Amino acid sequence: MYLITGGAGFIGSHIATRLVHQGHRVRVLDNLASGSVRNLEPIMDDVEFIEGDIRDTGALRRAMAGAEVVFHEAAEPSVPRSIADPASTFAINVEGTLNVLTAARDLECRRVVFATTCAIYGDAPELPKLESLPPAPLSPYAMSKLTGEHLCAMYSRLYGLETVGLRYFNVFGPRQDPSSAYAAAIPKFLEALHAGHQPRVFGDGEQSRDFVAVDDVVRANLLAAGADGVGGRVFNVASGKSVTINQVLATLGEVTGIDATPEYLPARAGDILHSLADVSLARRYLGFEATIGFREGIERIVHDGQRATTLIAA
Ligand SMILES: NC(=O)c1ccc[n+]([C@@H]2O[C@H](COP(=O)([O-])OP(=O)(O)OC[C@H]3O[C@@H](n4cnc5c(N)ncnc54)[C@H](O)[C@@H]3O)[C@@H](O)[C@H]2O)c1
């Protein structure tokens, strides 16, 4: 049985869906802080859903019972919220992760796959980012994830619990929530285009990111659950390709057929200009390589949105 903490969220619900389609038993533990049971609706009959919090050790132990692998996605994922309230981010992302690892150790779960982030690289100028670069977290969020990585490695060394950290870069795909004030760029842009608003870009739009499609991220998780000789390690999960914000908007315009000319606003202080992963370690140890190109990933979002609209209309 697979346990997914945060399985009602964007990435967790995609992992749950893939596992259910492969015929596996899946349990989700989620307190619905930023996720929604709507994300699990199509597979709800095949998932054991527990509404609970990773800060609650009792709920966690009940959820962990019988789990062979845990995909630990639950987190406070917002950088601005972590800056506004570092203690709460640490309670969820550090203490919560410690609770997940301890329950996994005590209940003899084989492996914990931990969702971590490229934010731990901070704004160091070296590109592409190699896992061996010294971390430079710039926010409580990044620091909390780095601490989670260290906890994972420590539990691996001390207790023999197999842990694998996956440093996701900019994940995109269907079901990414555009409604939060801290939402990622692509769902925000799409929401603006569909509402007839001009998308807003901070700076000249030449800043770049390494976007990775959520279906590829799911595949990286499944590979990390099964690979040999990876206990205690961390891997970049990314496409290894750089896309500028202007290219994002051009692609969105082409795929949706809506004019995506943005309004340019002054650059925001502290924004990272370029982010790009070296992906050779994941290729070597996990056999992982992203296979979904940027345009194809955007097409999947737009088609998924159209299907949802047709279903509602019907
Ligand atoms: N989306 C990205 O581009 C990205 C990039 C790097 C890392 N990550 C990490 O990937 C993971 C999943 O991110 P996402 O984009 O799917 O975010 P999300 O907000 O959609 O999912 C997080 C889930 O965790 C749940 N949750 C939050 N606090 C909880 C708690 N205390 N107990 C139980 N459940 C709780 C939320 O309700 C939500 O369903 C997170 O750990 C995030 O930090 C995401």
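None of these values were measured; they are calculated from a predicted model. Whatever order the structure lists ligands and atoms in, that order sets their numbers, starting from 1.
- Salt-bridge check for Arg300 with Asp215: passed, with a basic side-chain N closer than 4.0 Å to an acidic carboxylate O.
- Both tests do not hold together for Arg175 against Phe10: distance to the six-membered ring centre under 6.0 Å, angle to the ring axis within 45°.
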Just the distances, no angles: every ligand 1 N or O to protein N or O pair closer than 3.5 Å, one line each.
residue  : atom   : partner : partner atom : Å
ligand 1 : 3 (O)  : Val171  : N            : 3.1
ligand 1 : 16 (O) : Phe10   : N            : 3.3
ligand 1 : 16 (O) : Ile11   : N            : 2.8
ligand 1 : 19 (O) : Ser34   : OG           : 2.6
ligand 1 : 20 (O) : Phe10   : N            : 2.8
ligand 1 : 26 (N) : Asn31   : OD1          : 3.3
ligand 1 : 31 (N) : Asn31   : ND2          : 3.4
ligand 1 : 31 (N) : Asp53   : OD1          : 2.9
ligand 1 : 32 (N) : Ile54   : N            : 3.0
ligand 1 : 34 (N) : Asn31   : N            : 3.2
ligand 1 : 34 (N) : Asn31   : OD1          : 3.3
ligand 1 : 37 (O) : Asp30   : OD1          : 2.6
ligand 1 : 37 (O) : Ala33   : N            : 2.9
ligand 1 : 37 (O) : Ser34   : N            : 3.0
ligand 1 : 37 (O) : Gly35   : N            : 2.9
ligand 1 : 39 (O) : Gly9    : N            : 3.0
ligand 1 : 39 (O) : Asp30   : OD1          : 3.3
ligand 1 : 39 (O) : Asp30   : OD2          : 2.6
ligand 1 : 39 (O) : Gly35   : N            : 3.3
ligand 1 : 41 (O) : Glu73   : O            : 2.8
ligand 1 : 41 (O) : Lys145  : NZ           : 2.7
ligand 1 : 43 (O) : Tyr141  : OH           : 2.7
ligand 1 : 43 (O) : Lys145  : NZ           : 3.4

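- Aromatic ring centres of Phe71 and Phe114 lie farther apart than the 6.0 Å criterion allows.
- The side-chain tip of Arg81 does not point at the ring of Tyr141 from less than 6.0 angstrom away and within 45° of straight on.
- Between Glu149 and Arg167 there is a salt bridge, since at least one side-chain N of the basic residue sits less than 4.0 Å from a carboxylate O of the acidic one.
- Residues Leu19 and Ile4 meet the side-chain proximity criterion, which asks for heavy atoms closer than 4.5 Å.
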